[in-house]
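Below: one structure in structure tokens.
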Amino acid sequence: MSLIIVLTWAGTACAVIPTGNKPIAVADARKGNPLGDPYARVIAMPPNEDWRPEQVVTGFRAAMASPDDPDREIARQYLTDAFAKQWNPKGDVTVYEHGEYEKFSSEQGDKARVTLKGDITAYIGQDGRYKPSGGPLNMPFSLVKGPSGWRISGGPEGLVLSESDVDHGYRPVDLYFLDSEWKGLVIDQVRVPIDPTANSAKTAVERLLQGPSSLLKGAVKTAFEPDTKLIDVTTEDNRVIIDLNKRVASDLIGPMAAQLAGTLSTLTKGGWGFKVEVNGESYYSDSALQIEAQEQSAFDHWMTPRDIAPFYLSDGGLRLLTSEKIGQPVPGRAGEKDETRTYPAISDEKPARVAALSKDGKSISVASVSAGGEWQEWATGESLTPPSWDRYDTLWTVNRPNDHTSVVIRHDRYNRQQYRVAAPELDTVYVKSLKIARDGVHVAVVVNDGAEEQVKIGTVVGQGSATRIDNLQSVVQGKAIKDIAWNDGKSLYVLTKKSELLEASVAAEAKPLPSDPRIESITALDGSLLAGAVDNGKRQVLYRTSAKWEELVKDEAGKPDFIENGPTSPVYPLG
């Protein structure tokens, strides 16, 4: 009635107009051009003076969902003059599903009330931050009847969109920023409104130049100056040309290249490289600035880790899994049989260091994985969480002096100094586990506030004694948690005590994965998920295939069986 969906390409005038008002599935129509990105246009229709109140609200909902009307001028035609002045379509967006009108909407004379009910699934901030949420949607619309028919006099402060509306009108974009030491990349997951006048690459770079979302603000850096503007994004000779209005500092050209290549990587899967220009001219006075298609991986090896073997414990000694799926004891004391330590964590150093928690939970010791490596006690406390390394070779743990107090502490590798990390949201809860992501910025914690257990993801802000944990957001609630493991800088695996396995993120609702009731612990790296498992008292490390879980570690006879005192506690570096 009030909605037409049209398939078109951003930045072009061509379109295919189908019948009906359902979303259309289309094949990839880029044909080798990463800027030719199809999207479903949503063309809103103005109100009709003969429409009933529910029809007017339906038309307004459709008009709110139209990216082809970015200022929502048609949507404002559904509002009274007074409400149109205060309505703000540029504010936060409420996302819902299962929307339907209340069975009995009221209409008396020249006034009416229509209530939209459903389930809230998320909020999208003005900065594009997508926050999964929950709870009922109970959205009332007040209407008055005038010379031009019914108009909405009261309703939501901003946009209210269905999940389908968001799929049509927003693109998920991974923005790449820099860590506090300018050495690594950090991904910021945002939703960007579709701009019909611009290609998707231009939209993504423009959003990158605006800086990080509220989740990462203060925790990351960018190579671009605050007043850097994008002039255009075009293509030529199998390269994407990015035209900026100014250069970056000479020592930040490499970081800038990594940010751009990472942010545009999903649009250039065919291997297109990049060229950066300034005001339409070559970046350098005598040559062009060329960027390879996977520059982000060359800049930060954790973007696409390769050939990284897992470790595990056997008889209390640390083993490294070989390509033949056989475990070899690591050099130094860490490889020797030792039943007094558990929960190993591996650093990113060369040679690596292993940190392990004592069986009584009161101390953490560290040993170099090298010949002559000796155990050294690094941390003590009343009750410590298992250790976690960050990419800067700093050791993290949490001391719990009682069931309602947690103190986050980190130990600097170079001067062995201990710092208390400010974490106001964790001070009065019981932290069961803390894991730093491989990007050094995202952090995941399992907390018990006395009412329920939750998994939260936040950010590490600052350095040294000024370090703090901020922006904690719940991603799993109401489940008893057994273990957590970072897959990458975007997703976290969660193992519940009921052996459920979930994939959680700050930008999407947690989703279930195939699990196995024998699993006790998990570790992950770039999609490779391993688990320590127990079957009738016997142990083994499992790995997940596309169809099932299978035994991984072979014994001396070449069999991957569950055995007494067998492989346990698998762990990847920084896992």
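Side chains are part of it too, since the values below use all heavy atoms of this structure and drop only hydrogens, waters and symmetry mates. For reference, positions follow the sequence shown, starting with 1.
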Listed by chain and number, what are the side chain to side chain contact (heavy atoms under 4.5 Å, CB included) partners of A444, not counting sequence neighbours?
->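 Listed in chain order: I457, I484, W486, L492.
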Test side-chain contact (heavy atoms from CB on, under 4.5 Å) on Q477 and V455 and set out the steps.
-> CA-CA 7 Å; Q477 294 176 280; V455 180; over 6 Å; no
Checking side chain to side chain donor-acceptor pair (under 3.5 Å) for the pair Y419/T394: CA distance, chi angles, key distance, verdict?
-> CA-CA 11 Å; Y419 300 98; T394 298; over 6 Å; no
Using the side-chain hydrogen bond (donor to acceptor under 3.5 Å, both in side chains) rule, collect all pairs that involve residues 128-140, keeping only residues at least two apart or in two chains.
->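 Only K117-N138, R129-S214, R129-Q473 qualify under side-chain hydrogen bond (donor to acceptor under 3.5 Å, both in side chains).
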Pairing residues for W396 by the ring-ring contact (aromatic ring centres under 6.0 Å, His included) criterion, not counting sequence neighbours |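 None.
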Sole residue of E509, E163, H98 in side chain to side chain donor-acceptor pair (under 3.5 Å) with T121 |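 Among the candidates, only E163 passes.
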Would you sort out whether L178 and F299 count as a side-chain contact (heavy atoms from CB on, under 4.5 Å), showing the intermediate values?
-> CA-CA 11 Å; L178 300 155; F299 182 84; 3.8 Å; yes
Check for a donor-acceptor pair, side chain of R438 on one end and backbone N or O of D488 on the other, with a separation under 3.5 Å.
->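 Between the backbone of D488 and the side chain of R438 there is no qualifying donor-acceptor contact (under 3.5 Å).
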Shortest non-hydrogen separation from A44 to A63 and the atoms involved |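 Of all heavy-atom pairs spanning A44 and A63, the closest is CB-CA, 3.4 Å.
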I194 and Y170: side-chain contact (heavy atoms from CB on, under 4.5 Å), yes or no, with the steps?
-> CA-CA 5 Å; I194 288 175; Y170 287 75; 5.9 Å; no
For Q77, enumerate each residue passing the side chain to side chain contact (heavy atoms under 4.5 Å, CB included) test, keeping only those at least two apart in sequence or located in another chain.
->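 Partners of Q77 by the side chain to side chain contact (heavy atoms under 4.5 Å, CB included) criterion, ordered by chain and then number, come out as P46, P47, I74.
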Main-chain N/O of S66 paired to R72 side chain as donor or acceptor, under 3.5 Å =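 It does hold such a pair.
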Check whether the side chains of T459 and N471 place a donor and an acceptor atom closer than 3.5 Å, and report yes or no.
->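 Per modelled atom types, T459 and N471 side chains form a pair under 3.5 Å.
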Is a side-chain N or O of R207 found less than 3.5 angstrom from the main chain of G211, in a donor-acceptor match?
->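 Yes.
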Under 3.5 Å, is there a donor-acceptor pair between the side chain of D188 and the main chain of L175?
->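 Between the backbone of L175 and the side chain of D188 there is no qualifying donor-acceptor contact (under 3.5 Å).
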Apply side chain to side chain contact (heavy atoms under 4.5 Å, CB included) to S297 and list each qualifying residue two or more places apart in sequence or on a separate chain.
->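 Once residues adjacent in sequence are excluded, the partners of S297 under the side chain to side chain contact (heavy atoms under 4.5 Å, CB included) criterion are Q294, M303, T304.
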Grab the two heavy atoms, one from P212 and one from F177, that are nearest each other, plus how far apart they are.
->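 Answer, listing the atom of P212 first, then F177: N-CZ, 3.4 Å.
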Show the numbers, then the answer: is there a side chain to side chain donor-acceptor pair (under 3.5 Å) between D526 and W302?
-> CA-CA 9 Å; D526 196 32; W302 286 115; over 6 Å; no
How close do K90 and P70 get, heavy atom to heavy atom, and via which atoms?
->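 That would be NZ-O, 3.4 Å.
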Is R391 paired with D300 through a side-chain N to carboxylate O contact shorter than 4.0 Å?
->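 So D300 pairs with R391 through a salt bridge.
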Of all the heavy-atom pairs spanning S282 and S287, show the shortest one and how long it is.
->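 Closest pair (atom of S282, atom of S287, distance): CB-O, 3.6 Å.
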With a cut-off of under 6.0 Å to the ring centre and 45° to the axis, is R247 in cation-pi contact with Y283?
->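 That pair qualifies as a cation-pi contact.
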Carefully, step by step, assess I253 and L289 under the rule side-chain contact (heavy atoms from CB on, under 4.5 Å).
-> CA-CA 9 Å; I253 291 176; L289 173 56; 4.0 Å; yes
Considering non-hydrogen atoms only, spot the tightest contact between D390 and L574 and give its length.
->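 Of all heavy-atom pairs spanning D390 and L574, the closest is O-CD2, 3.6 Å.
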Is the closest side-chain heavy-atom distance between K490 and Q189 below 4.5 Å?
->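 Touching, per the 4.5 Å side-chain cut-off.
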Between S162 and D165, a side-chain donor and acceptor under 3.5 Å =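 Their side chains do contain a donor-acceptor pair, which is all the 3.5 Å distance test asks for.
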With sequence neighbours left out, what residues match Y392 under side chain to side chain donor-acceptor pair (under 3.5 Å)?
->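 With neighbours one apart ignored, the set is D179.
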Distance in Å, L434 CG paired with K456 NZ, rounded so as to fall on 0.5 Å steps |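 So the CG of L434 and the NZ of K456 are separated by 13.0 Å.
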Any idea how F141 and F60 line up, ring-wise: parallel (<30°), tilted (30 to 60°), or perpendicular (>60°)?
->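 Perpendicular: the ring planes of F141 and F60 meet at over 60°.
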Flag for T234-D232: side-chain donor and acceptor within less than 3.5 Å |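 Per modelled atom types, D232 and T234 side chains form no pair under 3.5 Å.
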Provide the closest heavy-atom pair for G169 versus P67 in the form atom of the first, atom of the second, distance.
->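 Looks like CA-CG, 4.2 Å.
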